[in-house]
Student: 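First, the structure itself, so that you have it in front of you.
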Amino acid sequence: MKPFAYARPADVAEAVRTVAGDPGAVFLGGGTNLVDHLKLGVARPDLVVDVRRLTARTIVDLDDGGLRIGAAVTNAELAADRRVRERYPVLAQALLSGATGQLRNQATTGGNPLQRTRCAYFQDVTTPCNKREPGSGCTAVGGSTRNHAILGTPGALPDPTAAETCIATHPSDMAVALAALDALVHVQGPAGERLVPFPELHRLPGDDPSRDTVLAHGELITAIDLPPLPAGARSAYRKVRDRASYAFALVSVAAVVPRDGEVRLALGGVAHRPWRARRAEELLRGAVLTEHAVRAAMEAELAAAQPQPGVDGGNGFKITLVQRTVVATLRDLAPEA
Ligand SMILES: Cc1cc2nc3c(=O)[nH]c(=O)nc-3n(C[C@H](O)[C@H](O)[C@H](O)COP(=O)(O)OP(=O)(O)OC[C@H]3O[C@@H](n4cnc5c(N)ncnc54)[C@H](O)[C@@H]3O)c2cc1C
Ligand code: SF4
């Protein structure tokens, strides 16, 4: 492991100033992702700035009926909170489907959505990877693609040598639920505070796959707000994976079904960011959620999917899998349809 300095600033302002002023500095939350990357050589910072004790570790009621979650709240605390379990079951279920009890005790609300891809080549410093080393190429294209993206990719056969190629997926379960809940992210940066709507926090690779989010270097997540859901809204998270536990999603679905029919759907395991299924939502607006209607909406959503061939058989199976997972999730939430 490359040696690095460790700092524990007195407050958020000092932490932000320190990281923003040093291109080689990074924030440390629970460390369950970052410390692995330090050991693997994927992250090679000069300075690690511990923010775990700087942001709130509380979940407070907002006047509008929503909740504000401090960035230091652990995944275990959040999943166990009675208000979250009753009002936002999609979030509690997503959290409990991720990692293990020990990891959830350590992982934070600020760190979880910013965990990095589980693409095996990203974690293997001996292979070219545009996300880890911009401009080096993408080993996943033509390699093992079972866990990779089908939406928001540069094409069915992207150029593995091009600097913009990346077909990685975002790994966080919690983030898929937060995208469906239209959560709001409080961000503190050198220029002050700003609010980022959660569905806009993560990026597609575009021309710079090394950037996972719209956050600038030195911007710190201090809290996440959950807006209230309409009365009577139901929500759920369904995750499909290779093992029953301790595995990342092949595909996952976070769904919110209010009484008025304004369905919200976010998909995990299919793109570089949690994928809000806007086309399907549009087609399902006001519709009775029959299996036929949901299937048709998902066919429209997935019309632009670009399955990737691969030495492991590729990831074309995700198209059918995600469609069936959405059908099953909505059947549970709206059995009367
Ligand atoms: C074996 C294993 C299995 C796992 N399985 C799953 C799974 O099934 N589903 C799932 O969703 N996750 C899974 N995880 C990932 C786990 O959920 C994440 O590692 C964890 O949520 C990251 O949170 P953290 O606080 O430890 O982040 P850290 O490791 O501390 O940080 C992660 C990143 O966020 C940055 N950061 C941290 N806090 C902030 C902040 N407040 N503002 C700005 N930047 C910040 C850090 O600089 C770093 O880049 C698994 C992890 C392991 C090791
Ligand atoms: S898919 Fe992205 S993360 Fe994986 S090897 Fe290619 S560039 Fe790297």
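For reference, positions follow the sequence shown, starting with 1. Remember, it's 1-based here, ligands and their atoms both numbered in the order they're listed. Computed over heavy atoms, backbone and side chain alike; hydrogens, waters and symmetry mates excluded. Just so we're clear, the structure is a prediction, and the values are computed from it rather than from any experiment.
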Student: Does the distance from a Lys or Arg side-chain N to an Asp or Glu carboxylate O, for R87 and D81, drop under 4.0 Å?
Tutor: no

Student: Report yes if the side chains of L215 and L114 come closer than 4.5 Å at any heavy-atom pair, otherwise no.
Tutor: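 Side chain of L215 against side chain of L114, heavy atoms only: contact under 4.5 Å found.
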
Student: So if I count the atoms of ligand 2 from 1 in the order they appear, which ones are less than 4.0 Å from some heavy atom of T165?
Tutor: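 Those qualifying, in numeric order: 7 (S).
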
Student: Rounded to the nearest 0.5 Å, how far apart are OH of Y121 and NE2 of H148?
Tutor: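 These two atoms lie 7.0 Å from each other.
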
Student: If the condition is side chain to side chain contact (heavy atoms under 4.5 Å, CB included), which residues does D46 pass it with, not counting sequence neighbours?
Tutor: K2

Student: Could you tell me which residues satisfy salt bridge (charged side-chain N to carboxylate O under 4.0 Å, His left out) with R57, sequence neighbours excluded, listed by chain and number?
Tutor: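 Checked R57 against salt bridge (charged side-chain N to carboxylate O under 4.0 Å, His left out); matches are E77.
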
Student: Begin with the C-alpha distance, continue with both residues' side-chain angles, and end with the deciding distance and a verdict on salt bridge (Lys or Arg N to Asp or Glu O under 4.0 Å) for D50 and R52.
Tutor: CA-CA 6 Å; D50 192 341; R52 183 85 191 260; over 6 Å; no

Student: Mind checking whether F122 and H37 have parallel, tilted or perpendicular rings, split at 30° and 60°?
Tutor: perpendicular

Student: Pick one: which of D173, N112, N105 meets side-chain hydrogen bond (donor to acceptor under 3.5 Å, both in side chains) with N75?
Tutor: N112

Student: Knowing that exactly one of H292, E291, E299 qualifies, which makes a side-chain hydrogen bond (donor to acceptor under 3.5 Å, both in side chains) with R295?
Tutor: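 The option that passes is E291.
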
Student: Decide yes or no on side-chain hydrogen bond (donor to acceptor under 3.5 Å, both in side chains) for S97 and Y237, but give the supporting numbers first.
Tutor: CA-CA 9 Å; S97 76; Y237 186 72; 4.8 Å; no

Student: When you look for protein heavy atoms under 4.0 Å from ligand 1, which residues do they belong to?
Tutor: F27, L28, G29, G30, G31, T32, N33, L34, D36, N75, G98, A99, L103, A107, T108, G110, G111, N112, L114, Q115, P171, S172, D173, E219, L220, I221, K239, Y246, A247, F248

Student: Among the protein atoms near atom 4 (Fe) of ligand 2, how many are N, O or S and lie under 2.8 Å away?
Tutor: 1

